[in-house]
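Following: one structure in structure tokens, then a few remarks.
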2 protein chains.
Amino acid sequence: MGTTATQPSLWDRSRQAVVASIFDTAMRLFAEQGYEATTIAQIAKEAGISQRSLFRYFGTKEDIVCGEQEELGELLRATVEAQPAAATPWEALRAGFEVLMEAHGDPGQLLEITTLIFHTPPLRARYTQKRLRWQELVQPAVTARMAAGEGPVPQVRAAAVTATVFACVDAATEAWVRSGGSADLASLYDEALAAVRG
Amino acid sequence: MGTTATQPSLWDRSRQAVVASIFDTAMRLFAEQGYEATTIAQIAKEAGISQRSLFRYFGTKEDIVCGEQEELGELLRATVEAQPAAATPWEALRAGFEVLMEAHGDPGQLLEITTLIFHTPPLRARYTQKRLRWQELVQPAVTARMAAGEGPVPQVRAAAVTATVFACVDAATEAWVRSGGSADLASLYDEALAAVRG
DNA sequence: TGTCCGCTTGGCAGTCACTGCCACCCGGGC
DNA sequence: GCCCGGGTGGCAGTGACTGCCAAGCGGACA
């Protein structure tokens with residue numbers, strides 16, 4: 001997919017507009033009444049769209065909030081694999097997450113989304129499930145970097161390293177949310193990893 | 001009766017019997033047709049109980065499989081807190097999981113349950129969600145052990161250590177499932193943690 | 001023994017997320 | 001003017017789950 005730098009295409013444009021409209025409406029309602037108390041019917045109505053069409057844009061209610069993770073996973077994988085061969089898995093993954101953080105435009109909105117996810121159990125479950133997919137995506141790169149100079153790497157070892165990095169990202173994100181977004185996410189991550197590996 | 005620890009109470013007994021009957025029926029059907037293709041109505045019918053009552057024993061379909069995690073969390077917390085004060089958080093948590101593994105009677109059934117969970121995304125999401133609760137339970141004990149001799153411990157650090165241990169348990173469990181139960185779970189865990197902290 | 005009481009149970013109707021199906025509309029090519 | 005492909009809405013249905021209420025059942029007690 002890296003080849004086709006997909007142009008806006010006028011058709012995508014309107015699609016993006018509809019998606020954004022649904023998303024904004026939903027986030028407003030979630031903030032006003034809570035996630036569970038807001039029904040799909042209500043979101044569709046206020047966004048001026050049929051319930052049926054809403055499900056064509058977002059497969060599930062959870063995906064209205066957690067949807068964009070899909071694309072970001074690919075970016076993470078590509079970034080990690082693009083790191084210099086000399087980089088350790090830890091360094092490569094850290095670089096990957098650094099890019100992800102920059103990739104998100106509005107930091108205020110990111111905080112809003114993340115806070116909602118971390119305070120809503122079913123959303124957090126979905127979020128974790130998608131991050132599991134990310135782990136599978138970067139696993140090959142991690143395995144390759146761990147194999148440098150030595151024999152084959154047991155899957156457990158690569159899986160453990162990957163999962164640990166994600167666990168630290170999680171701990172850092174939680175602390176970031178708890179701080180109301182005032183703390184520095186990258187510093188929190190470094191402190192988390194230092195506590196583990198230090 | 002003599003010791004206050006467990007009161008069979010005759011009433012609990014029949015409850016346990018009903019729970020086991022529902023559980024066995026469900027696991028059989030899940031194995032035959034898959035988790036998603038099996039409906040609550042079908043489980044209730046084959047277990048000879050009304051749908052309404054089934055939901056009184058298991059709040060959700062997922063809890064039929066992931067239900068017993070609730071009680072085990074308390075056992076984990078108690079065990080970790082009961083470790084000698086000199087034990088590091090890593091040692092205390094490892095001891096906790098060791099007890100958990102022994103706590104489960106039938107290892108074959110444990111493998112069956114775990115395999116099902118790891119192969120069914122919504123179940124795995126639920127499972128992860130419950131393990132998050134375990135993390136909250138043991139967090140105080142971890143914090144206390146990290147504070148030994150030093151100043152207050154930032155929450156990120158304790159959360160990172162806890163989450164890392166759980167990540168390694170997860171990696172080990174996945175490898176264990178992949179091996180069909182033939183590998184040794186404790187050894188896999190040790191190897192996972194060594195890959196991270198080594 | 002009969003009666004009351006608390007607890008469990010089952011059925012029923014309703015909600016909500018989500019899906020399949022089909023009829024409809026709308027812009028562009030011929 | 002006609003056709004046609006893709007987006008859209010409505011509608012009925014499924015499956016998980018909940019609230020409500022009436023019925024059963026065992027024990028306590030007179």
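From a predicted model like this one, the values you see are computed outputs, not experimental measurements. A, B, ... follow the sequence lines: proteins, then strands. Residue 1 opens every chain.
Nucleotide D:dG15 holds its P atom 12 Å from the CD1 atom of B:I43, rounded to whole Å. Between the NZ atom of A:K61 and the C1' atom of C:dC16 there is a distance of 8 Å, rounded to whole Å. Rounded to whole Å, the distance from CZ on B:F58 to P on D:dA16 is 15 Å. Taking atom CD1 of residue A:I40 and atom C1' of nucleotide D:dG9, one finds them 16 Å apart after rounding to whole Å. When rounded to the nearest whole Å, the span between NZ of A:K45 and P of D:dG10 equals 12 Å. Atom CD in A:E36 sits roughly 13 Å away from atom P in D:dC17 (whole-Å rounding).
Taking 4.5 Å as the limit, every side-chain heavy atom of B:T162 sits out of range of all side-chain heavy atoms of B:W134. Side-chain contact check for A:I113 versus A:E68: some heavy-atom pair is nearer than 4.5 Å. A:V138 places a side-chain heavy atom less than 4.5 Å from the side chain of A:F166.
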Heavy-atom protein contacts under 4.0 Å, nucleotides 9-15 of chain C, coded B base, S sugar-phosphate only, - none: BBBB---
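Nearest heavy atom pair, residue A:L75 against residue A:A103, reads CD2-CB, 3.7 Å. In plain terms, the two heavy atoms of B:C66 and B:I117 that are nearest each other are SG-CD1, 4.1 Å.
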